[in-house]
Amino acid sequence: MSRRRFPVGVQDFESIIKDGFVYIDKTEYIYDLANNYGNAIFLSRPRRFGKSLLCSTLRHYFQGHKELFKGLAIDKLEKNWTEYPVFHFDMSKCKRDDVAMVTRQLEKQILDYEKEYNCESPDLDSGGRLENLIETAHKLTGNRAVLIFDEYDSPILNVIDHPEKMKEIKSLYNSFYGPVKSMGDHLRFVLLTGITKFSQMSIFSTINNLSNISMLEKWEGLCGITAQELEANFKDDISQLSEKYKLTPDEMLHRLRDRYDGYHFGPGMIDVYNPFSIVNTFSSMKLDDYWFASATPSALIKILDKYNFKLTDIENTQMSSRMFDQPFDNMGSAIAILYQSGYLTIKDYDFDYNLYTLGIPNGEVYSGLYSTLMPLYLDKSDMKNDSFINAMMKSINADDIDSALTAVQSYLSSLPYDLGVKTELDFEAILKVLFDCVGIKTDTEVRNARGRCDVVMKNRNTIYVLELKISGTATVDDALAQIDEKNYLIPYWNDSRRKVKVGVTVDPETRTIKEWKVVNT
């Protein structure tokens, strides 16, 4: 069977269609967005989630390139195919940490369009040049202009930890975007895409009709690959991949779902797969952490440091809808930006109270996130971390919890004195990072009808229930007694895996585990 071509790194709609790459038909969304919703739109999605392809598709649609859409859903919907002047600015090209370099790249994009419409105006600032360009294009063509700003926030995110540079780039942006607010008569459609919103930006603070569709149920499947689209468009690819891994197609679909699915972008809870990881998986015929590995975690580390982020806050956190719409620079915690960046997703929605419950979307993000967090919260030495992880993996693979806890005890005792581990919650968070890093699904503060279990770890064969106590205030036997008294094992009795109780005492002075006792049930 011949292999299909997958658009790895290809974000231009024309190239995908003409070169025969796999394309998931999103053109019904395109038509609806362009004609039936509004004329000024903001969409937030994580990086590499199809925003640039969306922008490219809209550009070709508004340019009237009917031949590219033959056989797609929009071919039956659009009857006129009007050609509009389209100004598509790729702001990721301005991803520099120097305002002069950002300015030059932005002006280069403006100049290319000025030459096309013969309206060069080098004496004006970027906003004045954009205004002149829009008015000239409208006058010459008789049609209002379309503005597309892809990854509008890319230059700002690049200087997130440099307040002075951020101030300079915001000032440039206010000048550039400023004219948009007063040019409605000249504009047919405006789209901004990005990861997050920033306050004191002209485009958000002064365009009253800019609609944020990021969390509206109608548009949840606009970017990415929905579960329905995956099963409808990739059946043969799933079958070929399952043969390589010696699995049934249903088992492979389950693997794909666990690893790449789980994104929800609104209360409709429509399952969306990470498109970057999916196309890379089918192109290479290999399961891997493509999305997480595609960018350095430096921006994530900056965010976590900025907000003094705690590991215990990462899952089952609840937020109201208004918290998601806050500009990034007015956010009081890292949770909303972690959601917008794709590290967290919506796990549940309470319609009565308008509350969203957030958590990690899938296995790819889960393993990548905790691997990133480990050096942030623990030791900075890669060699020490690698040695510890190898020892832990051997112990866990052998189902030897005693050896695993011995490795944890030794590792923690070697860390700097200023680690700041003092409470049971601190130790719970540390254990979660350590065991998650070796692939053991670990939950903390697990509620049941009679209380909250400190730590629950699950591997393929065993469920470990750990209760932690501060040394000197209680014993390992007290910890084990609490597991029995509060019935922490009852939720897992129908699970076929072995159940193990572990009582642990921890010492805040030495910042490590003091002793433990293991009881098989």
*May I ask you to check whether D25 and T27 show a side-chain donor-acceptor distance below 3.5 Å?*
yes

*Using ring-ring contact (aromatic ring centres under 6.0 Å, His included) as the criterion, list what pairs up with Y273, not counting sequence neighbours.*
none

*For the ring pair W81 and Y61, is the centre-to-centre distance below 6.0 Å?*
yes

*side-chain contact (heavy atoms from CB on, under 4.5 Å) between L68 and H65, intermediate numbers included*: CA-CA 6 Å; L68 295 178; H65 295 164; 3.9 Å; yes

*Which atom names give the shortest non-hydrogen contact between R45 and S214, and what distance separates them?*
NH1-O, 2.9 Å

*asked:* Under a 3.5 Å threshold, yes or no: a donor from one side chain and an acceptor from the other, between Y464 and D399?
replied: yes

_Checking Y349 now: which residues fulfil ring-ring contact (aromatic ring centres under 6.0 Å, His included) with it, not counting sequence neighbours?_
F351, Y356

*Taking atom types as modelled and ignoring hydrogens, do the side chains of S92 and D90 form a donor-acceptor contact shorter than 3.5 angstrom?*
yes

*Partners of R59 by salt bridge (charged side-chain N to carboxylate O under 4.0 Å, His left out), sequence neighbours excluded?*
D12

*Say you draw a straight line from CD of E151 to CG of L192; how long is it, rounded to the nearest 0.5 Å?*
11.0 Å

*Return the set of residues passing side-chain contact (heavy atoms from CB on, under 4.5 Å) with L355 (not counting sequence neighbours), or none when no residue passes.*
Q318, S320, D350, Y353

_According to salt bridge (charged side-chain N to carboxylate O under 4.0 Å, His left out), who are the partners of D288, at least two apart in sequence or on a separate chain?_
K286

*Sub-4.5 Å side-chain heavy-atom contact between F89 and Y152*: no

*asked:* Once rounded to the nearest 0.5 Å, what's the spacing between atom NZ of K432 and atom OG1 of T444?
replied: 5.5 Å

*Is the distance between the ring centroids of F42 and F149 less than 6.0 Å?*
no

*May I ask you to say whether D443 pairs ionically with K458, meaning some side-chain N is under 4.0 Å from a carboxylate O?*
no

*For the rings on F62 and F189, is their centre-to-centre separation under 6.0 Å?*
yes

*Find the distance between CG (L147) and CG (L191) and round it off to the nearest 0.5 Å.*
10.0 Å

*Step-by-step ring pair (Phe, Tyr, Trp, His ring centres under 6.0 Å) determination, F276 to Y260*: CA-CA 9 Å; F276 184 78; Y260 305 126; over 10 Å; no

*Check the surroundings of atom CD in Q228: do more than 12 heavy atoms from other residues, nucleotides or ligands lie under 6.0 Å from it?*
no

_CD-CZ distance between E428 and R452, expressed to the nearest 0.5 angstrom_ = 8.5 Å

*Mark yes when over 12 heavy atoms from residues, nucleotides or ligands other than R447 sit less than 6.0 Å from its CZ; otherwise mark no.*
no

_Apply salt bridge (charged side-chain N to carboxylate O under 4.0 Å, His left out) to residues R259 and D289 and explain how you reach the verdict._
CA-CA 8 Å; R259 195 171 192 121; D289 295 338; 3.1 Å; yes

*Take D237 and R4 through the salt bridge (charged side-chain N to carboxylate O under 4.0 Å, His left out) test and state the conclusion after the steps.*
CA-CA 8 Å; D237 306 292; R4 299 199 293 171; 2.5 Å; yes

*asked:* Run L358 and I346 through side-chain contact (heavy atoms from CB on, under 4.5 Å) and show every step you take.
replied: CA-CA 5 Å; L358 303 183; I346 299 166; 4.0 Å; yes

*asked:* Show, in sequence, the C-alpha distance, side-chain angles and deciding distance for I463 and M457, and conclude whether the side-chain contact (heavy atoms from CB on, under 4.5 Å) test is met.
replied: CA-CA 6 Å; I463 297 174; M457 302 187 308; over 6 Å; no

_Please determine whether side-chain contact (heavy atoms from CB on, under 4.5 Å) holds for the pair F21 and F6, giving the CA-CA distance in whole Å, both sets of side-chain angles, and the decisive distance to 0.1 Å._
CA-CA 5 Å; F21 288 104; F6 295 92; 5.6 Å; no

_Consider side-chain contact (heavy atoms from CB on, under 4.5 Å). Of N36, D75, L72, which one does Y31 pass it with?_
N36

*Got a sec: does the NZ of K244 have more than 12 other heavy atoms crowding it under 6.0 Å?*
yes

_Distance-only donor-acceptor check, side chains R498 and T521, under 3.5 Å_ = no

*What residues form a ring-ring contact (aromatic ring centres under 6.0 Å, His included) with Y37, not counting sequence neighbours?*
W219

*In Å, rounded to the nearest 0.5 Å, how long is the span from CD of E467 to SG of C453?*
6.0 Å

*Going by atom types only, do E364 and S277 share a side-chain donor-acceptor pair under 3.5 Å?*
yes

_Reported NE2-to-CG distance for the pair H254 and D261, which is rounded to 0.5 angstrom_ = 11.0 Å

*Verdict with supporting geometry, R257 and D271, salt bridge (charged side-chain N to carboxylate O under 4.0 Å, His left out)*: CA-CA 9 Å; R257 186 181 302 124; D271 282 333; over 6 Å; no

*For residues T196 and Q340, is any side-chain donor paired with an opposing acceptor at under 3.5 Å?*
yes

*Decide yes or no on salt bridge (charged side-chain N to carboxylate O under 4.0 Å, His left out) for K66 and E78, but give the supporting numbers first.*
CA-CA 9 Å; K66 179 179 179 180; E78 183 57 75; over 6 Å; no

